[in-house]
There are 2 protein chains.
Amino acid sequence: MTRSMSSFDKAMALFGALVAQDGVFESDAMSVQLGVPESTLYRHLNALHSAGLICRSRRGRYLPNPVFLKKLEGYTPHAVLSELVRPFLDQLSVALETTTHFGLLENDMVTYLAKSVFEGEEVFTRENGQLEAYCSAIGKVLLSHMTVDERRAYISSGPFPKLTDKTITDPAAIERELHRTRNKGFGVDDGEVHNALYCIAVPVFSSRGIVVGAISSSSSQRWASPKEQRDRLIQLNGVAQSISSTLGAGA
Amino acid sequence: MTRSMSSFDKAMALFGALVAQDGVFESDAMSVQLGVPESTLYRHLNALHSAGLICRSRRGRYLPNPVFLKKLEGYTPHAVLSELVRPFLDQLSVALETTTHFGLLENDMVTYLAKSVFEGEEVFTRENGQLEAYCSAIGKVLLSHMTVDERRAYISSGPFPKLTDKTITDPAAIERELHRTRNKGFGVDDGEVHNALYCIAVPVFSSRGIVVGAISSSSSQRWASPKEQRDRLIQLNGVAQSISSTLGAGA
DNA sequence: TCTCCATTTATCACATTGTGATAGCAATTG
DNA sequence: CAATTGCTATCACAATGTGATAAATGGAGA
């Protein structure tokens, strides 16, 4: 099923590597990094140039073409992501009979990009609103996928307000909770943000395993049984998978 | 000399058309617009998808991949343009023995993205600073390449302050001056912004004829002879051409 | 539910490109 | 000036893109 790689994909891989390295192109290093012979790399470089994706600045330095960048000015990752994710959330909220969210981490807070309400159920979140990360289900998932350093920085950035009786506020306890979240593969908010709000969340990965965000199922009442929770998780993960695949391979 | 078009170029042309139309893809219309058969378009569409450039939202709607957009977040057209243009300005300021600028239009003002000073010559402009467009050489060039509607809107957006004795402030006179500028192909500021500032400017086009910005030669004294001015224009146009070609074909 | 229409995938023989090893040129650095 | 690295040119061969055609899918409306 693995469709053969078009020349396109390889050249775009080079483009990705270039922008990630601030435009610096070292032929031999890149050659091993991408597994492509140098002569081919230069051909790709020229293809990217003549396609208007990159410009040559100094010798050995290639920058994204400003004319190309201008074309994309109207598109923000936020706006596009929320549009892409919305139909999946709608489908999920019908299937689970709960309100669903998609959110991502921004400045240590969770930003909710999209929300799909289940039949007039009242959930106080707002699209494009933010919530604390350490106590929300989506936040826990996203924090649990940070690098060690990032997480350490977050943990030591407290204090962590006690939003409800159940909120975990002790830094060490939060760290343990994040470890648990990472190991389980999903995050739980058991009334830790609000007395009448119970959520579970799972991560959404890009095809290369980078965490793009997380989706959650929120309800004003606790889930009835472990079995019900398990069922929700399966459906959540299925939709997360679907979102991953609409994001495509080159990410 | 026209190198044969790689599959890359055609697919990127499709990408450009897509983002320009807010993601809407109509196979038959696009087919005639781009001169590519439908079956090939769909193949390109899939190539763009698997390369991580686009995602499918609804049926017939394709959006830039948010993961891809995020990779480009660190690059602004301004920053890239000024880096690309700088070496050309330096070369030009040595050749012409004047200070040189690169600027573009933004909210009806000229923004100076890059400046190359000639041997300590004092010119009061600042990089990333702005100046009025109607009286500066770069501004006149850029205004003269606006569409009819844009220019009309600009002309009626006055008043236009009289910065020096020579500043043209009458809307009708400005319009005539812009016409002249467009016809000559270069703009002149004969002490109209500042008593001791004389500039000429020419446009920088992208390969598809879109005006990306303009470059100018500024001096604190008027040019000596028509011949000298003609010489400067030739060099300015040569450099403008060079910038165009580093911007590449796909723009 | 069924029909209709535009979108989208699948398949084919054929033409065009991409590939990568090698050699050589060009430009920067010391 | 030599030496290093960036970059281009060329080749025979393999792989991919091409476009006409046909068929399948999905969504909107009767």
Side-chain angles (χ1 to χ4, degrees), chain A residues 1-15 17-18 21-51 53-63 86-88 90-91 94 242 245-246 248-250, chain B residues 1-15 17-18 21-51 53-63 87-88 90-91 242 245-246 248-250:
Chain A
M1 183 63 201
T2 317
R3 88 193 315 148
S4 62
M5 228 191 188
S6 69
S7 60
F8 212 101
D9 301 60
K10 301 180 205 159
M12 286 308 302
L14 171 57
F15 181 82
L18 270 180
Q21 299 176 24
D22 207 52
V24 177
F25 174 76
E26 286 173 299
S27 57
D28 50 354
M30 280 256 184
S31 178
V32 304
Q33 180 186 331
L34 298 177
V36 174
E38 297 189 32
S39 70
T40 303
L41 280 186
Y42 281 105
R43 198 180 316 112
H44 288 328
L45 228 33
N46 287 327
L48 289 169
H49 175 78
S50 82
L53 276 168
I54 60 173
C55 299
R56 196 152 96 201
S57 169
R58 300 191 303 271
R59 178 165 246 248
R61 180 171 172 76
Y62 295 82
L63 295 175
R86 181 154 287 114
F88 292 101
D90 291 341
Q91 164 200 333
V94 170
S242 303
S245 64
T246 74
Chain B
M1 182 65 198
T2 317
R3 86 189 321 144
S4 62
M5 229 190 187
S6 67
S7 60
F8 211 102
D9 301 60
K10 301 180 205 160
M12 286 308 301
L14 171 57
F15 181 83
L18 269 181
Q21 299 177 23
D22 208 52
V24 177
F25 175 77
E26 286 174 298
S27 57
D28 50 354
M30 280 254 184
S31 178
V32 304
Q33 180 185 330
L34 297 177
V36 175
E38 297 189 33
S39 69
T40 303
L41 279 185
Y42 279 105
R43 198 180 316 110
H44 288 327
L45 228 32
N46 287 327
L48 289 169
H49 175 79
S50 83
L53 276 168
I54 59 172
C55 299
R56 198 153 95 200
S57 169
R58 300 192 303 271
R59 176 167 246 247
R61 181 172 172 75
Y62 295 82
L63 295 174
F88 292 101
D90 291 341
Q91 164 199 333
S242 302
S245 65
T246 74

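Letters A, B, ... mirror the listed sequences (proteins, then strands); counts begin at 1.
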Separation of C:dA27 atom P from A:Arg58 atom CZ, nearest Å, is 17 Å
message = So B:Ser6 and A:Ser7, do their side chains get closer than 4.5 Å, heavy atoms only?
response = no
| task | Answer yes or no: is there a side-chain heavy-atom contact under 4.5 Å between A:Gln33 and A:Gln21? | result | yes
Between CG of A:Asp9 and C1' of C:dT19 the distance, given in whole Å, is 16 Å
Between CZ of B:Phe8 and C1' of C:dG18 the distance, given in whole Å, is 13 Å
- Just call it for A:Tyr62: base, sugar-phosphate, or nothing, with non-hydrogen atoms closer than 4.0 Å on any strand. sugar-phosphate
* To do: Under 4.0 Å between any heavy atoms, over every strand shown, what does A:Thr40 touch: base, sugar-phosphate, or nothing? Just pick one.
  => base
Please check the phosphate of C:dT8 (OP1 and OP2 only) for any side-chain N or O of B:Tyr42 closer than 4.0 Å. yes
* Asked: Is a side-chain donor or acceptor of A:Ser31 paired with a backbone partner of A:Val36 at a separation under 3.5 angstrom?
  -> yes
Flag side-chain contact, heavy atom, 4.5 Å: A:Met30 against A:Leu18: yes
Whole-Å distance, A:His44 NE2 to D:dT8 P, equals 15 Å
Students should find that the end-to-end axis angle of the helix from C:dT1-D:dA30 to C:dG30-D:dC1, with five pairs defining each axis and rounding to 10 degrees, is 70°
When rounded to whole Å, the CE to P distance for the pair A:Met12 and C:dG18 reads 16 Å
Describe, in one word, how the ring planes of B:Tyr62 and B:Phe25 are oriented to each other, choosing from parallel (under 30°), tilted (30 to 60°) and perpendicular (over 60°).
perpendicular
To the nearest 0.5 Å, atom OG1 of A:Thr40 lies from atom CG of A:Leu14 at 11.0 Å
### Query
Side chains of A:Met12 and A:Leu53: closer than 4.5 Å at any heavy-atom pair?
yes
A:Arg56 side chain near C:dA27 phosphate (N/O to OP1/OP2, under 4.0 Å)
no
dist A:Arg61:CZ -> A:Cys55:SG (nearest 0.5 Å) comes out at 11.5 Å
Taken to the nearest whole Å, CG/A:Asn46 to P/D:dT10 is 14 Å
Practice prompt. Compare all side-chain heavy atoms of A:Arg56 with those of A:His49 and state whether any distance is below 4.5 angstrom.
Written response: no
When A:Leu45 and A:Lys10 are each assigned the nearest nucleotide of DNA chain D, the 5'-most assignment goes to A:Leu45
To the nearest angstrom, the CZ-P distance between A:Arg61 and D:dG6 comes to 15 Å
To the nearest angstrom, the CD1-P distance between A:Ile54 and D:dG6 comes to 15 Å
For the base of C:dT7, is there a side-chain donor-acceptor partner from B:Arg59 under 3.5 Å away?
-> yes
Per the under-4.0 Å heavy-atom filter, residues of residues 23-39 of chain B near DNA chain D come out as B:Pro37, B:Ser39
